[in-house]
Amino acid sequence: MGQIPPERLSGGVKTLLLILNEPDRIFNASTCGDNCAKWILEIGKQKDITINLRHMMSFGKDTEFEIKIQNGGEIVHSMKELVPIAHHYLTEMQQECWI
C-alpha cells in the first residue's frame with residue numbers, strides 16, 4: 001500500500017493516533033466509530049487516558065474492561081454496567097460522558 005497521506009486517514013484513526021501519542025490531553029472520541037473502541041481499550045491498558053464521548057460507544061457485549069466515568073467517579077467493567085450510567089449523563093443530564 002505504501003505511505004498513506006494524513007488527509008486519507010479516517011477521523012477515527014487520527015483520533016486514535018492522537019490519544020496514543022498525547023495521553024495527557026483529552027480528545028473527543030465521538031469522532032470514532034465503534035470499530036475504534038477495542039483500540040481505545042488497548043491504549044488504556046498501556047497508559048491512563050481520558051476521552052470525551054457524546055454518544056454511546058460499544059466496547060463489546062462480552063468484553064471485560066475497567067473504565068472510570070469521570071462525571072461521577074463510577075467504575076464499570078462491562079457494557080451492562082456502562083449503559084445505564086452513560087445513558088444518564090448523555091441524555092438525562094444532556095452533556096458529555098467523560099471516561
Side-chain angles (χ1 to χ4, degrees):
M1 285 181 52
Q3 293 182 353
I4 300 173
E7 61 271 5
R8 305 277 287 174
L9 296 174
S10 70
V13 168
K14 290 175 188 175
T15 302
L16 287 172
L17 288 169
L18 288 168
I19 292 169
L20 179 64
N21 292 296
E22 299 282 341
D24 294 334
R25 295 181 178 237
I26 300 171
F27 293 97
N28 179 7
S30 293
T31 62
C32 299
D34 287 349
N35 59 327
C36 294
K38 89 173 204 175
W39 298 110
I40 291 171
L41 292 177
E42 285 298 318
I43 294 168
K45 288 178 186 176
Q46 296 175 20
K47 50 188 92 178
D48 285 337
I49 59 172
T50 301
I51 61 170
N52 173 326
L53 284 174
R54 296 177 187 219
H55 74 286
M56 183 67 66
M57 179 176 279
S58 176
F59 291 97
K61 180 181 171 188
D62 298 320
T63 304
E64 292 184 17
F65 47 76
E66 182 170 298
I67 292 175
K68 180 177 182 181
I69 301 173
Q70 298 292 336
N71 301 60
E74 303 93 337
I75 296 178
V76 296
H77 301 93
S78 67
M79 286 303 296
K80 186 176 181 178
E81 294 176 4
L82 175 63
V83 168
I85 297 169
H87 179 267
H88 170 73
Y89 293 116
L90 292 171
T91 59
E92 295 173 21
M93 302 296 288
Q94 296 184 348
Q95 60 184 18
E96 300 96 12
C97 186
W98 296 79
I99 61 175

Only counting residues at least two apart or in another chain, list the ones meeting side-chain contact (heavy atoms from CB on, under 4.5 Å) with L41.
-> F59, T63, F65, I67

Once you round to the nearest 0.5 Å, how far does NE2 of H88 lie from CD1 of I85?
-> 9.5 Å

Output the distance between atom CG (L17) and atom CH2 (W39), rounded to the nearest 0.5 Å.
-> 11.5 Å

Hey, is the main chain of R54 close enough, under 3.5 Å, to the side chain of S30 for a donor-acceptor pair?
-> yes

Identify the two heavy atoms, one from P6 and one from K14, that lie closest to each other, and give their separation to 0.1 Å.
-> O-CE, 2.9 Å

Any idea which heavy atoms bring L82 and M57 closest together, and the distance?
-> CD2-O, 4.4 Å

If you round to the nearest 0.5 Å, how far is CD1 of I19 from CD1 of I26?
-> 11.0 Å

Mind listing the closest non-hydrogen atom pair of S58 and A37 along with its distance?
-> O-CB, 3.2 Å

Which pair of heavy atoms, one from M56 and one from D34, lies closest together, and at what distance?
-> O-OD1, 4.3 Å

Heavy-atom closest pair, residues C36 and G12 = SG-CA, 3.9 Å

Just wondering, more than 12 heavy atoms not from N21 lying within 6.0 Å of its CG?
-> yes

Is I49 close to I40 at the side-chain level, that is, under 4.5 Å between some pair of heavy atoms?
-> yes

State yes or no: do I4 and V13 share one hydrophobic cluster built from I, L, V, M, F, W and Y residues joined by side-chain heavy-atom distances below 4.5 Å, directly or via other members?
-> yes

How far apart are the closest heavy atoms of K47 and L20, and which atoms are they?
-> NZ-O, 2.9 Å

Rounded to the nearest 0.5 Å, how far does CG of L18 lie from CD1 of I51?
-> 13.0 Å

Atom CD of E42 and atom CG of L16: how far apart are they, to the nearest 0.5 Å?
-> 11.5 Å

